[in-house]
Amino acid sequence: MTIYALVDANNFYATCEKVFDPSLADVPLVVLSNNDGCIVARSAEAKELGIPMGAPMHQWKGFCANHGVVIKSSNYALYGDMSSRMLAILQKLCPDVESYSIDESFLKLDGFSDATVLGYEIRQTLQQHIKVTCGVGIGPSKTLAKFANHIAKKHPEYGGVFSVSDAPKIEFEQLMAYYPVNEIWGVGRQLSKRLTADGIETVLDLSRCDAKAIHARYGVVLAKTVRELRGEACISFDDIAAPKQQIIASRSFAGVTTDYQTVKAALSHHISRAAEKLRLQESVCAHVYVMIRTNPFREQDPQYRKTILMPLPHPTADTAVLMKAAMAALRKGFIPGFRYHKCGVMLGEIHPMNALQTDLFASVDDPKRLRLMGLLDSINKRQGSGTLHMASTQLSAAWHMRAENRSPRYTTCWEELPVAYA
DNA sequence: TCTGGGGTCCTAGGACCC
DNA sequence: TCTGGGGTCCTAGGACCC
């Protein structure tokens with residue numbers, strides 16, 4: 001039987017900020033989402049103060065000022081780099097690693113004689129090498145490894161590592177009976193509301209349900225969860241990252257706008273980013289979706305949201321072709337008069353560039369254009385993103401997002417390296 | 001004044017066909 | 001006056017995740 005581990009960094013973004021600024025060591029700290037909108041990470045001290053996850057920043061500004069909470073805009077260049085260092089360390093310790101999110105990885109522990117010992121070694125190594133503390137959960141399925149990870153973090157007596165098979169059955173059942181069903185991976189707000197109404201309130205309740213009955217009433221996803229909770233691995237393990245099937249680039253504006261040119265400039269910027277991501281994974285796409293919407297939180301405003309699909313004449317990774325299609329979609333979907341708050345683009349129908357066969361499609365990108373795109377990407381990579389861009393991006397800068405308290409990109413930008421004084 | 005962004009998977013329902 | 005039903009394919013949207 002395969003044993004899975006889930007390694008998950010504690011307070012990852014907040015920790016990344018603290019690693020490079022020792023003066024923040026014991027200070028409560030929060031990290032904000034893009035646009036400085038809401039709180040997406042909290043240090044242990046900030047959690048203790050009772051600041052909730054996902055809280056709108058504007059509601060907590062006064063509180064943070066009163067309690068000396070340090071506020072950081074998000075710095076994804078830094079977190080992304082720390083994340084790859086973390087992954088590299090895990091890959092050294094274990095041959096089968098699936099990177100699940102920026103701060104979480106699943107490991108397959110086949111061939112290790114003592115999974116728990118390895119868990120402690122992982123914890124110690126990450127602490128030593130990159131000053132990131134993590135929890136390790138171990139179990140016979142991914143869902144159980146996730147739940148074990150939750151226990152490892154919430155119950156300090158386990159020392160940050162919890163293995164389902166180490167715990168006596170009665171002890172584990174007590175833990176399952178203690179936690180509400182929404183602590184389980186895959187059970188969100190809607191499902192837990194329905195489950196609770198049906199009398200399934202705890203993790204233990206759910207694990208004892210009949211999988212067939214759950215399938216009939218709640219669907220195939222939750223039925224899998226039930227089987228996973230009983231130790232039957234149903235969710236596959238992917239150690240090589242598959243290319244993305246859809247690529248999204250979107251942002252809300254710093255405020256709202258009624259101006260077509262402003263939306264167009266923002267959209268143009270997003271297309272460039274999305275196309276760059278598409279070429280980075282060596283793919284082409286055949287669908288462009290353009291999304292625009294008003295601010296749903298402004299209930300006094302008339303609301304409008306629209307997604308417009310624009311099929312492309314042939315699969316492409318050419319920014320100019322994508323741009324033309326997206327602009328046509330925007331003309332179709334833009335209704336003057338609304339106060340727009342966000343726009344974005346999604347690329348769909350993605351195929352690997354090299355698998356395209358000319359007899360399957362009417363035509364493919366001109367190799368000359370592809371070389372031009374490659375040049376564009378390499379200049380932007382060397383000189384900084386946005387050095388070369390489409391003219392339409394410059395139409396307006398009115399949409400640009402806020403990031404008032406971003407820390408330096410310590411590890412990825414020469415100009416922002418940390419300075420050591422002797 | 002100010003409420004994220006980027007993903008995956010599943011399903012309901014419409015269009016179309018015979 | 002009576003006016004099918006089942007299968008397939010596609011898309012939009014929802015639920016979930018971090």
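Lettering of chains follows the sequences in order, A, B, ..., and the numbering in each one begins at 1. The figures here come from the full heavy-atom set of this structure, side chains too, leaving out hydrogens, waters and symmetry mates.
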Practice item. Start with the C-alpha distance between A/Ile350 and A/Leu278, add both sets of side-chain angles, then the distance that settles side chain to side chain contact (heavy atoms under 4.5 Å, CB included), and finish with yes or no. Key: CA-CA 9 Å; A/Ile350 291 178; A/Leu278 182 69; 4.1 Å; yes
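- Residue A/Val221 has its side chain nearest to B/dC10 when only B/dT3, B/dC10, B/dG5 are considered.
- With respect to the salt-bridge test (charged N to carboxylate O, under 4.0 angstrom), the residues A/Glu98 and A/Lys142 qualify.
- Across all strands, A/Arg194 comes closer than 4.0 Å to no nucleic acid atom at all (heavy-atom distances).
- In this pair, A/Tyr178 and A/His155 present their aromatic rings perpendicular. The plane angle is above 60°, beyond the 30 to 60° band.
- The side chain of A/Val40 lies closest to B/dG4 when the candidates are C/dA12, B/dG6, B/dG4.
- In this structure, the NZ atom of A/Lys193 is 10 Å from the P atom of C/dC16, given to the nearest Å.
- The side chain of A/Trp185 lies closest to C/dC18 when the candidates are C/dC18, B/dT3, B/dG4.
- Without hydrogens or angle criteria, A/Ser33 side chain to A/Cys38 main chain gives a donor-acceptor distance under 3.5 Å.
- A/Ala249 comes within contact range of the sugar-phosphate backbone alone, with a heavy-atom separation under 4.0 Å but no base atom that close.
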Practice item. List the steps, then state whether side chain to side chain contact (heavy atoms under 4.5 Å, CB included) holds for A/Gln281 with A/Ile247. Key: CA-CA 10 Å; A/Gln281 68 164 30; A/Ile247 289 172; 4.0 Å; yes
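- Taking atom NZ on A/Lys244 and atom P on B/dC9, their separation rounds to 11 Å, with Å as the unit.
- Rounding to whole angstrom units, CD of residue A/Glu183 and P of C/dC17 are separated by 10 Å.
- A salt bridge links A/Arg208 with A/Glu173: at least one charged nitrogen is closer than 4.0 Å to a carboxylate oxygen.
- The separation between A/His215 atom NE2 and B/dC9 atom P is 17 Å, rounded to whole Å.
- At least one side-chain nitrogen or oxygen of A/Ser252 sits closer than 4.0 Å to the OP1 or OP2 atom of B/dG5.
- Scanning both residues, A/Leu267 and A/Val345, for their nearest heavy atoms gives CD1-CB, 4.4 Å.
- Residue A/Lys61 contributes atom NZ, which lies 13 Å from atom C1' of B/dT3 at whole-angstrom precision.
- Side-chain atoms of A/Lys277 lie closest to B/dG7 of the nucleotides C/dC17, B/dG5, B/dG7.
- The side chain of A/Ile248 approaches B/dG7 more closely than any other nucleotide in the set B/dG4, C/dC18, B/dG7.
- Regarding A/Ile39, its CD1 atom lies at a distance of 19 Å from the P atom of C/dC18, rounded to whole Å.
- Nearest-nucleotide assignment on DNA chain B puts the 5′-proximal partner with A/Lys342, out of A/Lys224 and A/Lys342.
- Across B/dG6, C/dC18, C/dC16, the shortest atom-to-atom separation from the side chain of A/Lys146 is found for C/dC18.
- Using a 4.0 Å heavy-atom distance criterion, A/Leu347 is classed as making no nucleic acid contact.
- In this structure, the ring of A/Phe106 has its center no less than 6.0 angstrom from the ring center of A/Tyr4.
- Note on A/Gln245: a side-chain N or O is less than 4.0 Å away from OP1 or OP2 of B/dC9.
- Nucleotides of DNA chain B nearest to A/Val256 and A/Gln246 differ in position, and the one nearer the 5' end is that of A/Val256.
- Taking the P atom of each, B/dT3 and C/dC18 are spaced 24 Å apart, rounded to whole Å.
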Point to revise | Residues A/Asp239, A/Lys108; criterion salt bridge (charged side-chain N to carboxylate O under 4.0 Å, His left out); working and verdict | key: CA-CA 9 Å; A/Asp239 41 1; A/Lys108 224 192 245 186; over 6 Å; no
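- Of the charged side-chain nitrogens involved, none lies within less than 4.0 Å of a carboxylate oxygen, so that A/Asp198 and A/Arg194 do not count as a salt-bridged pair.
- The existence of a salt bridge linking A/Glu45 and A/Lys18 is confirmed by a sub-4.0 Å separation between a basic side-chain nitrogen and an acidic carboxylate oxygen.
- Put simply, A/His341 has a side-chain N or O that comes within less than 4.0 Å of OP1 or OP2 on B/dT3.
- Within the nucleic acid shown, A/Tyr218 has no heavy atom closer than 4.0 Å to any nucleic acid atom.
- Using bins of under 30°, 30° to 60° and over 60° for the plane-to-plane angle, the ring pair A/His287/A/Tyr289 lands in the perpendicular bin.
- Comparing B/dT11, B/dT3, B/dG6 by their nearest atom to the side chain of A/Val220 picks out B/dT11.
- Picking from B/dG4, C/dC18, C/dT11 the nucleotide with the shortest atom distance to the side chain of A/Glu104 gives C/dC18.
- If you check every strand for non-hydrogen atoms under 4.0 Å, A/Ile102 touches nothing.
- Rounded to whole angstrom, the span from the NE2 atom of A/His150 across to the C1' atom of C/dC18 amounts to 15 Å.
- Near-neighbour residues of DNA chain B inside residues 9-20 of chain A, defined by a heavy atom below 4.0 Å, are absent.
- Heavy atoms of other residues, nucleotides or ligands lying less than 6.0 angstrom from NZ of A/Lys324 number 12 at most.
- In DNA chain B, runs of at least 3 stacked Watson-Crick or G-U pairs (N1-N3 plus N6-O4 or O6-N4, or N1-O2 plus O6-N3, all under 3.5 Å) give these stems: B:5-18 with C:5-18.
- For A/Ser101, the listed nucleotide lying nearest its side chain is C/dC18; candidates were C/dC18, C/dC16, B/dT3.
- At a threshold of 4.0 angstrom between heavy atoms, the contacts of A/His270 with the nucleic acid are absent.
- Among the heavy atoms of the strands lying under 4.0 Å from A/Ile247 are primed sugar atoms or P, OP1, OP2 only; no base atom is included.
- Only A/Asn295, A/Phe297, A/Arg298, listed by number, bring a heavy atom of residues 292-305 of chain A to less than 4.0 angstrom from any atom of DNA chain B.
- You'll find the ring centres of A/Tyr76 and A/Tyr13 inside the 6.0 Å limit.
- Across the protein-nucleic acid pair, A/Asn35 atom CG and B/dG4 atom P stand 8 Å apart, rounded to whole Å.
- Taking only side-chain nitrogens and oxygens, A/Arg251 comes nearer than 4.0 Å to OP1 or OP2 of B/dG6.
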